[in-house]
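Everything on this sheet refers to the single structure shown next.
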2 protein chains.
Amino acid sequence: MPRNPVLDASRIRAAALHIIDRDGLAGLSMRKLAAELGVRAASLYGHVATKDDLLHEVAGAILEEVDVGGFAGGDWRHGLVTCARSYRAALAAHPNIVPFLAYGPAHREASLRRLDVVHGALVAAGWTRREATMIAASLVYLVLGAALSSFSRGFSADRARYGDRYPNLDKAHLLPSVAAELDHDSFELALDAFVTGLGQRARG
Amino acid sequence: MPRNPVLDASRIRAAALHIIDRDGLAGLSMRKLAAELGVRAASLYGHVATKDDLLHEVAGAILEEVDVGGFAGGDWRHGLVTCARSYRAALAAHPNIVPFLAYGPAHREASLRRLDVVHGALVAAGWTRREATMIAASLVYLVLGAALSSFSRGFSADRARYGDRYPNLDKAHLLPSVAAELDHDSFELALDAFVTGLGQRARG
DNA sequence: ACCTGAACACCGTTCAAGT
DNA sequence: ACCTGAACACCGTTCAAGT
């Protein structure tokens, strides 16, 4: 009768995230997770309702890094930019879990709390409620799209594979080594253009 | 010895897409697909290398709807907007397959061909090769993000579930019934702001 | 040439039983 | 209270065998 139980929810979450980072989303199984924790698969179900639930908890912990504090100063542009950057950084730290976010990222309590802050700040800045909703949605589009469809994953490491079939493509950009930088710069370009374009609307 | 084989690759693809549309991505199994085609699972492997391969083929067929013809007139803004809209429409027609695109959407031949067209048109319009790459990437971010994180999926149908915890959120916007319209309008807002912001850069 | 039965090595999840 | 063995109902994939 061990006083210190081997398992608890936070240790399970940490181990699950570690496996996802190392082996990918498809590489996570309840049996492998249990083995990594020195236990049998059935034991996990005393602490976690379901694999899907566990994934939502892991994703939720990651999204805790999203910073909506930039809206506090009253500058909605600065708020949007810092929020978007922290959001992207949080996802970029654990890229393998991003596809999972496709299945309803906003359901969770903490996400709605952050969304509420963004929404309130935008309305305070003079946008209508509907515009605020659409701007917040657009920001999520940008961040999730960037995290998901990064060049780093999208292209083959084998440069020669593309041959001469795409005369306009700069083949150097397809190399994974430069892709990470290109991902970052593309995100910044998109974010800047988006905020600039919004500013035009606001006559600001 | 039937002269007309029961199975062929295109019939398999169509059935697979039908199941995905109806039952979701997780609802597609090789056994169910085979049953739907009046055949056993093993038979599929005479026509399709792997389930993953099949999904790539299905996704490829959907992406065939992306229209890069709007660049032909020499107006890059018009090209970007029509490309983005047709891209989004293609994905919105089969939302359940979008999460699959997370795993390397640009690998495929036809996608690279379209990317090459976009890239060439942007360079012809005066953007540098690097800018062209980043603009194309940004457009994909926007479209994929919009297809993925749509309000239609993100929120609960049960309005009361949110209670009064989010004073700033307009709860009407969380209803699925208005979510589709909001998704559309948010995408148009993001696209317009993005292109406007780009135009600012181009001093156009 | 095309399809099938049976098998292999996996899954998530449950539950009575052990300590 | 917490963990386990064994089982259930599934997976994707292979391959010798049938027609």
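To find a chain, count down the sequence lines: A is the first, B the second, and so on, and within it residues start at 1.
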Side chain of B:Arg40, base of C:dG5: donor and acceptor closer than 3.5 Å?
no
Please answer whether the main-chain N or O of B:Ser138 pairs with a side-chain N or O of A:Ser186 as donor and acceptor at a distance below 3.5 Å.
no
Return the pairing partner of D:dC15 with a 3.5 Å limit on both distances, Watson-Crick or G-U wobble; otherwise return none.
C:dG5
With sugar-phosphate meaning primed atoms plus P, OP1 and OP2, does B:Leu28 contact a base, only sugar-phosphate, or nothing at under 4.0 Å between heavy atoms?
sugar-phosphate
CG of A:Leu55 versus P of C:dC11: gap in Å, rounded?
15 Å
Let me know the distance between CZ of B:Arg31 and C1' of C:dT4, rounded to the nearest Å.
13 Å
Checking side-chain contact (heavy atoms from CB on, under 4.5 Å) against B:Tyr87, which of B:Asp67, B:Val140, B:Val68, B:Leu139 comes through?
B:Val140
Rounded to whole angstrom, note down the P distance from C:dA9 over to D:dA9.
22 Å
N/O (side chain, A:His47) to phosphate O (OP1/OP2, D:dC3) under 4.0 Å:
yes
Scan B:Ser43 against the nucleic acid and name what it touches under 4.0 Å (heavy atoms): base, sugar-phosphate only, or nothing.
base
From OH of B:Tyr45 across to C1' of D:dC11 the rounded distance in Å is 9 Å
Is B:Thr50 near enough to D:dT13 that one of its side-chain N or O atoms lies under 4.0 angstrom from OP1 or OP2?
yes
Given DNA chain D, 5'-ward residue of the pair A:Ala42 and B:Asp52, judged by closest heavy atom:
A:Ala42
Distance check needed: C:dC2 P versus B:Asp8 CG, whole Å only.
10 Å
Given atom CG of A:Leu37 and atom P of D:dC2, what is their separation to the nearest angstrom?
16 Å
Can you tell me the distance, in whole Å, between the CG atom of B:Leu44 and the P atom of D:dG12?
10 Å
Quick one about B:Thr50 and B:Asp52 (side-chain donor to acceptor, distance below 3.5 Å, no hydrogens or angles considered), yes or no?
no
If we call it a pair only when both distances are under 3.5 Å in a Watson-Crick or G-U wobble match, what pairs with D:dC10?
none
Find the distance B:Met30:CE to C:dA9:C1' and express it as a whole number of Å.
17 Å
Could you state the NZ-C1' distance from B:Lys51 to D:dC10, rounded to the nearest angstrom?
12 Å
Heavy-atom closest pair, residues A:Phe71 and A:Trp76:
CE2-O, 3.8 Å
Could you check whether any side-chain N or O of A:His119 sits under 3.5 Å from a backbone N or O of A:Ala132, counting only pairs where one atom can act as donor and the other as acceptor?
no
